[in-house]
K.L.:
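Below you will find the structure I want to go over with you.
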Amino acid sequence: DTREEFRDQKNDADIHASLRQRIEGLAHVDLLALIDDQGHVVGHSHPLPMPDANLSNREFFTVLRDGPPDARYVSAPLTDPDGTVWTVHIAQRVTGQDGAFLGVVLGAVRLRYFESLYGTVAASSGDVISLVHGDGNVLARYPALPGRPQDGATNPLAASQKAPPVPAGEMEHLGITPHDFTAAHKLENYPIEVRVSRAAHDVLRGWHQEALVIAAGAGLVELGLAGIVLLGVRQIRSQGRLAHAERERRVQDMRFATAME
């Protein structure tokens, strides 16, 4: 793909419907969007029209534009235009075969999704599972943080305090206090970590199960995030194949016309 081909998807009347179809059945995905190299929205899945704003000055855009070919980004919690749903934006750089920056695939995932997801894993164990941003903010937690506002209220991070950092260079870390043990696992491809805490008096009754919970939590998150980005990447590749087929057809038509002359 080239930058021009990526931008030209905006002229495709079916781009909106195609993106909508890709997230059907994914209740936790609030938005899937394609943004070109100049910061303009090429297409999106939102049911309501989006303003024709330029996003080139947004943090996610500048980080990915100036980053390596496989750069990824995870935002702090953001609210939708109505202020009713809090989401985390997951974004990935789209890079051409020549290494050029083509644009961004952006997905918005509801924070409540992670809390519900962790509830299915830890409801019976009594563990505390947290999703922590690289800057230390607790994005989601099960059980929910005390004072956690409902959707439509203030920023959910208002109920939390930043988590202590995991030592630099470590993908996994074990923290011990008189009250609990906390195991942390950093995701390889995203600035996020999953933390699982267990009361100290329960540790000796089955700490080996903690590793399974961490692996399950981290795996579910990474699969969910990667799946969102994959939807956008497939859309881009599909449009690229169509553009290539169209060019081939035009060349054949020109050859045929020349032969007839």
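Since this is a predicted model, take the numbers as computed values, not measurements. Hydrogens, waters and symmetry mates are skipped; everything else that's a heavy atom, side chains included, is used.
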K.L.:
State, yes or no, whether a side-chain contact exists between Gln38 and Arg3 at a heavy-atom distance under 4.5 Å.
P.N.:
no

K.L.:
Before you tell me yes or no, could you show the steps for Phe61 and Phe101 under side-chain contact (heavy atoms from CB on, under 4.5 Å), namely the whole-Å CA-CA distance, both residues' side-chain angles and the distance that decides it to 0.1 Å?
P.N.:
CA-CA 11 Å; Phe61 188 88; Phe101 172 63; 3.7 Å; yes

K.L.:
When you measure from the centre of the six-membered ring of Tyr190, is the NZ or CZ of Arg72 closer than 6.0 Å and no more than 45° off the axis?
P.N.:
yes

K.L.:
Within this structure, what is the CZ-OG distance for the pair Arg58 and Ser75, rounded to the nearest 0.5 Å?
P.N.:
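Between Arg58 CZ and Ser75 OG, I get 11.0 Å after rounding to 0.5 Å.
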
K.L.:
Counting neighbours of CZ on Arg195 that are heavy atoms of other residues, nucleotides or ligands and sit closer than 6.0 Å, is the number greater than 12?
P.N.:
yes

K.L.:
Are the side chains of Val109 and Ile90 in contact, using a 4.5 Å heavy-atom criterion?
P.N.:
yes

K.L.:
I'd like to check Leu55 versus Asn57 (side-chain heavy atoms, cut-off strictly below 4.5 Å). Are they in contact?
P.N.:
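No, every pair of side-chain atoms sits at 4.5 Å or beyond.
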
K.L.:
Begin from the C-alpha positions of Thr95 and Asp70 and carry the test side-chain contact (heavy atoms from CB on, under 4.5 Å) through to its verdict.
P.N.:
CA-CA 8 Å; Thr95 304; Asp70 59 349; over 6 Å; no

K.L.:
List the atom of Val194, the atom of Tyr118, and the distance in Å for their closest heavy-atom pair.
P.N.:
CG2-OH, 3.7 Å

K.L.:
I'd like to check Asn54 versus His40 (side-chain heavy atoms, cut-off strictly below 4.5 Å). Are they in contact?
P.N.:
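The answer is yes; the side chains approach within 4.5 Å.
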
K.L.:
List the atom of Thr182, the atom of Ser197, and the distance in Å for their closest heavy-atom pair.
P.N.:
OG1-OG, 2.7 Å

K.L.:
Please report the interatomic distance CG(Asp8) to NZ(Lys10), rounded to the nearest 0.5 Å.
P.N.:
11.5 Å

K.L.:
Would Leu31 and Ser45 count as a side-chain contact (heavy atoms from CB on, under 4.5 Å) here? Give the steps.
P.N.:
CA-CA 6 Å; Leu31 172 72; Ser45 62; 4.0 Å; yes

K.L.:
Heavy atoms only: give me the nearest Ser56-Thr62 pair and the separation to one decimal.
P.N.:
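Heavy-atom minimum between the residues: O-CG2, 3.4 Å.
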
K.L.:
Report, as yes or no, whether the 6.0 Å neighbourhood of atom CD on Glu4 holds more than 12 heavy atoms from other residues, nucleotides or ligands.
P.N.:
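For Glu4, atom CD is crowded (more than 12 foreign heavy atoms under 6.0 Å).
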
K.L.:
Write down the atom of Ile15, the atom of Gly43, and the distance for their closest heavy-atom approach.
P.N.:
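Nearest heavy atoms, Ile15 then Gly43: CG1-CA, 4.2 Å.
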
K.L.:
Specify the closest pair of heavy atoms between Ser130 and Val138, including all atoms of both residues, with the distance to one decimal.
P.N.:
CB-CG1, 4.3 Å

K.L.:
Between Tyr73 and Glu59, does any side-chain donor sit less than 3.5 Å from a side-chain acceptor?
P.N.:
yes

K.L.:
Show the nearest heavy-atom pair for residues Ala184 and Glu193, with the distance to one decimal.
P.N.:
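That would be CB-OE2, 4.2 Å.
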
K.L.:
Decide yes or no for Arg65 and Asp37: does some side-chain heavy atom of the first lie under 4.5 Å from some side-chain heavy atom of the second?
P.N.:
no

K.L.:
Give me the ring orientation class for Tyr113 and His28: parallel if the planes are under 30° apart, tilted from 30 to 60°, perpendicular past 60°.
P.N.:
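Tyr113 and His28: parallel rings.
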
K.L.:
Taking side chain as C-beta onward, heavy atoms only, is Val128 less than 4.5 Å from Tyr142?
P.N.:
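Not touching, per the 4.5 Å side-chain cut-off.
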
